[in-house]
Amino acid sequence: MEIENNLPKTFNPEGAEDKWYQKWMDTKSFKPKKGKQGETFTILMPPPNVTGKLHMGHALDATTQDALIRFKRMKGFETLWIPGTDHAGISTQAVVEKLIWKQEKKNRHDLGREEFLKRIWAWKEEYGSEIVNQQKKMGVSCDWDYSCFTLDEVPNKAVKKFFVMLFNEGLIYQADYIVNWDPILQSAISDAEVEHKEVKGFFYHLKYKVKEDPNIELIIATTRPETIFADTAVAVNPNDERFKDLIGKTAIVPICNREVPIIGDEHVDIEKGTGCLKVTPGHDFNDFEIGKRNNLPIINILNKDGSFNTNAPEIEGLKPKDARKKVEEILIELGELVEKKDHVHPVGHGQRSDEIVEPMVSKQWFLNTTAMSEVAVKAVENGEMSFFPKGWENTYFAWLRNPKDWCISRQLWWGHQIPVYYCRHCNAKWAAEEAPHECVECKNKDIYQDSDVLDTWFSSGLWPLSTLGWPDEKAMAEKRFDDFYPNATLVTGFDIIFFWVARMMMMGMKVTNQAPFKHVYIHAIVRDKQGRKMSKSLGNGIDPLDMVKQYGADAMRFTLAAGSGYNRDLNLDPERIEGYRNFVNKLWNAFRFIHPYLDKAQDQLPVKSEWHLHDKWILAELNTVAKSMNEALDVYRFDDACSEIYQFVYEKFCSWYIELSKNILYGNDEKAKIIRATMLKYCFRKIVTLLHPIVPFITEEIWGYLENEKSLLINQEYVEFDPSLENAEVQEMMNKFIDVTTGIRNIRSAVNLKPKDEIDVRLFTDDKRLAKFLYESRHFMKDLANVKSGTIRNKSAEKPKRSASFASAHTEIFIPLEGLIDINDQINRIKKDMEKTQAEYKKVEAKLSNANFMNNAPEEVRSEVKEKAQQFQDKLNSLSEILKSFE
RNA sequence: GGGCGUUUAGCUCAGCUGGGAGAGCGCUACCCUUACAAGGUAGAUGUCGGGGGUUCGAUCCCCUCAACGCCCACCA
């Protein structure tokens with residue numbers, strides 16, 4: 001009775017992936033639909049850079065968010081997942097600038113602002129959607145109609161509206177301030193964009209003469225002797241006995257021989273360096289503050305590209321590194337260099353350019369975030385928004401409880417141009433949402449717009465609002481702002497908690513008084529298998545698309561989900577993907593097994609009275625899995641959800657239930673066959689439903705077979721816990737049955753029986769329910785352990801002599817094989833088992849004979865321990881019985 | 001300098017409010033058994049980083065030391 005099976009032996013992901021993605025699109029399955037929960041569930045995708053190529057971080061983003069949105073969709077929420085891309089000011093401008101240079105040997109200034117921007121837009125139209133296509137390969141189920149680009153019209157309106165609002169409140173202001181200047185980008189960058197790295201340098205000790213008393217020489221320690229050209233004071237601590245008399249006198253700066261005042265300032269650390277500090281307000285953050293306190297002049301000695309200007313004539317045109325060498329030479333010549341020591345110290349580097357940033361004074365726009373930060377902190381403190389895992393709120397608080405004004409202007413061209421206008425005629429300065437034609441004050445037409453653009457994060461911070469149409473009323477109505485704001489969950493990495501999460505909170509709450517999302521799930525950073533960050537320079541990056549090609553998107557997704565819980569690192573080994581590919585294939589083959597019987601299966605489960613014990617068992621187990629998966633996914637424990645379903649499918653369903661089904665399906669009892677086929681189909685529907693959020697493609701493919709493509713799995717209801725399916729007793733019996741079967745196999749393996757060798761088995765148990773269960777399952781023993789015949793008796797019955805044996809707490813197993821087995825081997829095996837059991841028994845017994853334990857431990861724990869002691873005791877008794885049989 | 005985190009089987013990691021150490025991968029032996037060799041069955045492997053404390057009882061709580069990682073901080 002061979003049954004035809006025309007399904008391929010292995011699952012072919014490539015065909016299924018594109019086919020189902022297209023089908024989901026065609027059926028508009030990603031669009032929000034009202035569901036039984038009567039609530040919306042919105043996720044906002046962190047917009048990848050338009051210049052981006054999908055990397056593992058994006059793949060993880062895509063997987064976790066898609067799993068969530070599919071899960072909630074199936075649970076009956078009206079789900080919306082909003083995609084988009086970011087203009088990524090600096091990196092995009094750099095990419096296109098490089099390209100134009102390569103092709104035409106022209107820089108952006110050669111082209112002019114208007115033409116240059118045209119080129120970037122053209123580039124964006126052509127290449128900017130590559131990452132979107134790559135995301136689709138991962139199966140992301142976002143509503144592409146909501147797709148948005150940070151420089152689109154509405155986000156631009158949002159930026160202008162917000163800017164003007166805060167400008168008019170006085171929260172946005174322009175100031176001469178010392179900022180981090182990136183000489184590569186030739187732009188200011190914010191504090192957050194500066195990375196401090198340990199750099200090897202030197203400590204130079206320089207001599208400064210005192211004008212009033214040529215005998216005194218001040219020794220000043222510095223790591224940057226080249227900045228002496230910008231010195232405008234020497235400072236000492238006013239409490240420093242050594243120097244306090246010098247305050248008010250004049251020091252002479254070496255090389256340039258500038259006369260500068262010696263001042264007292266509390267900032268100077270008596271212990272540090274020599275206790276004397278050269279003050280360079282133009283190029284040092286602290287010194288800038290000292291300068292403000294003491295009204296010192298500011299000298300700028302740098303050009304925008306980081307080279308020295310005419311204020312430092314001896315080193316004009318040189319870059320800092322060469323300048324330092326030159327200054328050192330001159331100082332030696334002059335005899336002003338006292339000492340030069342190795343010194344390692346942190347130096348700020350631009351996050352994007354990786355170049356040493358120079359503190360420089362320039363006119364920039366700032367946003368005062370003091371009040372907004374406070375509001376954002378409160379929202380997390382009072383639970384309006386919460387982090388998963390909770391620990392990340394510390395990072396969030398650390399940033400927001402100590403807010404600094406945010407430098408929001410960038411000297412770039414690609415971005416939202418600052419909506420501030422100036423009048424050449426009357427010097428008026430104002431902010432406006434619509435480009436004005438004349439001066440607000442004097443009505444003169446000779447006006448111009450500020451040439452700077454805003455920090456990219458300024459528009460990113462408004463993303464939850466602008467993607468839903470704010471501030472355009474028509475767009476807001478179309479996109480149903482009121483229904484989808486605030487978002488439910490934001491999923492992102494911890495590296496942008498302050499760049500992005502904090503700013504969305506501040507800006508979102510400023511506009512709406514509501515946190516833009518209720519939960520923030522912070523996922524891990526993907527690293528290589530050795531825990532190193534994936535980077536181009538190390539060459540250890542894994543391309544997700546390669547993995548998708550090799551193992552399928554489902555395998556890739558399952559791997560990432562299985563590695564995502566509350567961890568901060570996810571060390572990815574491609575072998576893991578292969579492992580989960582095998583799981584996906586296992587699922588496929590389990591389906592191949594039931595496929596020929598689908599015709600027999602009925603749509604409804606039979607009445608409970610017709611359920612086989614094994615049916616009750618598998619449904620109870622399935623129900624348990626459904627419960628844990630729902631709970632796990634609700635709190636972003638994708639790892640737990642994956643391991644639950646993996647375990648169930650592999651062990652419970654494939655290794656036992658399917659194996660136990662063969663006896664029935666290959667047999668002659670038609671009614672039993674129909675019931676079993678129905679059960680198998682039912683289970684399979686539940687399994688693919690549970691798995692669908694994580695591995696959407698194969699599950700949709702299988703669903704197509706199960707339902708003859710009459711419906712799509714993506715639109716089905718998720719499996720919920722059903723109390724009526726609980727059955728602790730049958731689960732206990734089944735576990736014991738598995739113990740016994742495994743015990744028999746164990747003996748077979750220990751005595752080297754071939755799979756074909758049939759055996760006679762004698763079972764002894766005092767558990768009457770178990771005896772009945774085993775009796776009813778006797779036919780299955782044949783399939784599972786090749787048992788030809790056997791008996792089930794009480795433990796008190798006479799045992800066969802000299803058998804291969806095994807004992808569990810509840811059942812003794814004897815396989816009479818006299819003459820075929822080595823008696824000493826058997827005795828040794830049993831003795832070893834006894835020793836192990838004895839040791840465990842002693843541990844438990846020690847507790848029971850400890851009066852303190854008996855007095856203090858809760859009753860629950862005591863009875864549990866007693867129970868265990870009894871089980872070990874039973875097993876020991878059985879083992880010694882077995883030993884007796886060899887006498 | 002301040003803060004956070006990690007340390008559990010060869011590798012990657014899970015262990016919730018303290019109560020007999022887990023998973024996947026890898027490894028060993030035997031099997032091409034009619035869903036699956038991308039498979040099956042059986043199996044081995046841990047002083048839970050070191051030390052101290054609290055407790056009847058600690059992988060879990062407290063202290064301390066060590067190693068590693070990350071973030072913040074004004075480059076004397």
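Every value quoted in this text rests on a predicted model; they were computed, and no experiment measured them. Within every chain, numbering begins at 1; the chains are lettered A, B, ... in the order of the sequence lines, protein sequences first and strands thereafter.
- Annotation: of the two residues near RNA chain B, A:Asn582 and A:Lys836, the 5′-most nearest-nucleotide partner is A:Asn582.
- Within 4.0 Å (heavy atoms only), A:Ser643 reaches no atom of the nucleic acid at all.
- Out of B:rA42, B:rC75, B:rG20, the shortest distance to the side chain of A:Arg745 is found at B:rA42.
- Within the nucleic acid shown, A:Asn585 comes within 4.0 Å of at least one base atom, counting heavy atoms only.
- With B:rC25, B:rC36, B:rC75 as the candidates, the nucleotide lying closest to the side chain of A:Glu575 is B:rC25.
- A:Val236 comes within contact range of no nucleotide atom at all, as no heavy-atom separation falls under 4.0 Å.
- Distances shorter than 4.0 Å separate none of the side-chain N or O atoms of A:Lys843 from OP1 or OP2 on B:rG20.
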Distances under 3.5 Å between nitrogen or oxygen atoms of protein and nucleotides 14-19 of chain B:
{"unit_1": "B:rA14", "atom_1": "O3'", "unit_2": "A:Arg637", "atom_2": "NH2", "d": "3.2"}
{"unit_1": "B:rG15", "atom_1": "OP1", "unit_2": "A:Arg637", "atom_2": "NH1", "d": "2.9"}
{"unit_1": "B:rG15", "atom_1": "OP1", "unit_2": "A:Arg637", "atom_2": "NH2", "d": "3.2"}

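- Heavy atoms of A:Lys662 sit under 4.0 angstrom from at least one base atom.
- Heavy atoms of A:Ala221 sit under 4.0 angstrom from primed sugar atoms or phosphate atoms, though from no base atom.
- Looking only at side-chain heavy atoms (C-beta outward), A:Val787 and A:Ile744 come within less than 4.5 Å of each other.
- Aromatic ring pairs are classed by plane angle as parallel below 30°, tilted from 30° to 60° and perpendicular above 60°; the pair A:Phe583 and A:Phe558 is tilted.
- A:Tyr650 comes within contact range of the sugar-phosphate backbone alone, with a heavy-atom separation under 4.0 Å but no base atom that close.
- No contact: A:Glu631 has no heavy atom under 4.0 Å from any strand.
- Residue contacts for A:His205: at a heavy-atom cut-off of 4.0 Å it reaches no nucleic acid atom on any strand shown.
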Check nucleotides 71-73 of chain B for protein N or O atoms closer than 3.5 Å to its own N or O atoms and list the pairs.
none

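- At distances below 3.5 Å, not a single donor-acceptor pair connects side-chain atoms of A:Asp757 with backbone N or O atoms of A:Leu753.
- A salt bridge is defined here as a Lys NZ or Arg NE, NH1 or NH2 lying under 4.0 Å from an Asp or Glu carboxylate O, and A:Glu835 with A:Lys832 fails to meet this definition.
- In this structure, A:Glu336 and A:Tyr208 have side chains that are not in contact, with every pair of non-hydrogen atoms separated by 4.5 Å or more.
- Listed pair A:Asn786 / B:rU33 fails the phosphate criterion, with no side-chain N or O lying under 4.0 Å from OP1 or OP2.
- Salt bridge annotation for A:Glu14-A:Lys549: absent, with no cationic side-chain nitrogen under 4.0 angstrom from a carboxylate oxygen.
- If you take CD1 of A:Ile815 and C1' of B:rA42, they are 13 Å apart, rounded to a whole angstrom.
- Counting any heavy atom pair closer than 4.0 Å across all strands shown, A:Thr274 reaches no nucleic acid atom.
- Here the separation of B:rG53 from B:rA58, taken at their P atoms, is 12 Å to the nearest Å.
- With both ends at atom P, the span from B:rA9 to B:rG2 equals 32 Å, rounded to whole Å.
- Within the 4.0 angstrom heavy-atom criterion, only backbone atoms of the sugar-phosphate kind lie near A:Tyr646; the bases stay farther away.
- Across all strands, A:Arg576 comes closer than 4.0 Å to base atoms (heavy-atom distances).
- In this structure, CG of A:Leu784 is placed 10 Å from P of B:rA42, rounded to the nearest angstrom.
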